[in-house]
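A short write-up of the structure that comes next.
Throughout, protein chains are lettered first and strands after them, A, B, ... in sequence-line order, and every chain is numbered starting at 1.
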Number of protein chains: 2
Amino acid sequence: MISDIVFFLLKKGAHLEPRRITTGEVAEGIGVSQQTASRKLIQLEKEGQISRSQGRIALTQNAILEIKSKLKEILNSLDGTTITFKGKVASGLGEGAYYMRQKHYVKEFNSKLCFKPFPGTLNVSIGEDDIEKRLVLREQKPIVISGFTAKSRSFGRIDAYRCSISGLPGAIIFPERSLHGLQTLEIISPFNLRKKLLLSDGSDVKIEVVKNNPCEPKA
Amino acid sequence: MISDIVFFLLKKGAHLEPRRITTGEVAEGIGVSQQTASRKLIQLEKEGQISRSQGRIALTQNAILEIKSKLKEILNSLDGTTITFKGKVASGLGEGAYYMRQKHYVKEFNSKLCFKPFPGTLNVSIGEDDIEKRLVLREQKPIVISGFTAKSRSFGRIDAYRCSISGLPGAIIFPERSLHGLQTLEIISPFNLRKKLLLSDGSDVKIEVVKNNPCEPKA
DNA sequence: ATTACTATATTACGAGTAC
DNA sequence: TGTACTCGTAATATAGTAA
């Protein structure tokens, strides 16, 4: 993670411009001996995290970028626990059912999503405003369903995110070779959603994704 | 700082609810052996950072608060480099000059702010909107001018922040026993600001404070 | 299967000190 | 002054393995 010493340098503003900072000050700041601080600074310089000249220390651009990326990761985990989409049921192409019947997919969905998918997918058209959320969702680590080849036809991998759709369990899937644009989400579920939720084209649905929310395999 | 292992648990959502995570997974996640992960988890539990039961791990509320506070510190360092106040010159009480003539203060200002203060202070009245900024400023580590006793009169310590006022160097000071409320900032400078900037009561001034901006002592 | 102990190996630390 | 060597010791890691 972000080391004590980089944290200290950050607090000293070493990301803005080179700062006059002695090894003794660093030692004091992070609670180690001067010798250790010296050694660590040498190490950081070797790694390209800091640059030193004339008794001044600066964090490199690389180091700053790394800090920012780590920060983003932490913030992403900490807040915004659920992502919510509102959308309308869209007519499907009938292709989904064929895919959802493939033994390999069924097996993987069952073990990784903890449900046996109904053979069919529900297409949901989301509003312009929710496209950004879609991108946020795609920054999350997906549950990966591997691709395979059967009968000299190859089936691509599928990224999945567990969700609840109007209260029922399911998953948003992103097939590697998707037929849909950014406006459409493809949903699978253990249930026949159209029947169970009495949906028809244009019906409003609410989809909620809880980040970091693995399923519990049945014993 | 935030340890690798806590970072990993955060990513797994262990701050939301207890998660099924094995020592092996943690080991894999942070790049150490299973044994080391086990030992570290035991350590973290002892420190009260995590709780474990039935193979599940959760971050404690304490740990989460700690992460948030560290995060705040980093963000505070990273962004919002300068704090800007807009205000109007207010009439002073004449007290400032007396203080600014005290040898001890002059000496400390000179060594810590790198300028010899003009014997007088400028009071600037800031708008309601800037009061929040004032609080942000006060979260920054000040340059501390120590108090002293002279002629059986005691002079309190002064917190100072280097600033530029309408382009000239100076410092915002917060005397321990301030006579001013939240609406007023007290400014010192090597210059007679009223004369040099042609200021009178009610004149508009702009004050900029750069965070983490120590002065360079003249050789 | 997972966890955590013991023993051994490795790495990191600070004291002393030269530059 | 401040920095960074060497070197003996302390801390921390992994391997092996029992529970």
- Query: How close or far is atom C1' of dT3(D) from atom CZ of Arg20(A), stated in whole angstroms?
  - Reply: 15 Å

- Query: Quick one, which residues of residues 27-49 of chain B touch DNA chain C with a heavy atom under 4.0 Å?
  - Reply: Gln34(B), Gln35(B), Ser38(B), Ile42(B)

- Polar contact flag, side-chain donor to acceptor under 3.5 angstrom, Arg39(A)-Ser33(A): no

- Between P of dT1(D) and CD of Glu25(A), the distance in whole Å: 14 Å

- Query: Salt bridge or not for Arg138(A) and Asp159(A), using N-O below 4.0 Å?
  - Reply: yes

- Pair Glu208(A), Thr82(A): side-chain N/O donor-acceptor within cut-off below 3.5 Å: no

- Query: With no hydrogens and no angle check, is any side-chain donor or acceptor of Arg19(A) less than 3.5 Å from a backbone partner on Lys12(A)?
  - Reply: yes

- Message: Is the shortest side-chain heavy-atom distance between Phe115(A) and Ile188(A) below 4.5 Å?
- Response: yes

- Item | OP1 or OP2 of dG2(D) under 4.0 Å from side-chain N/O of Thr23(A) | no

- Nearest heavy-atom contact between Gln49(B) and Ala63(B) is O-CB, 3.3 Å

- Mind calculating the distance between CD (Gln54(A)) and P (dG2(D)) to the nearest angstrom? 17 Å

- Phosphate OP1/OP2 of dG2(D): any Thr22(A) side-chain N/O under 4.0 Å: no

- Query: Given that both distances must come in under 3.5 Å, which nucleotide forms a Watson-Crick or G-U wobble pair with dT2(C)?
  - Reply: dA19(D)

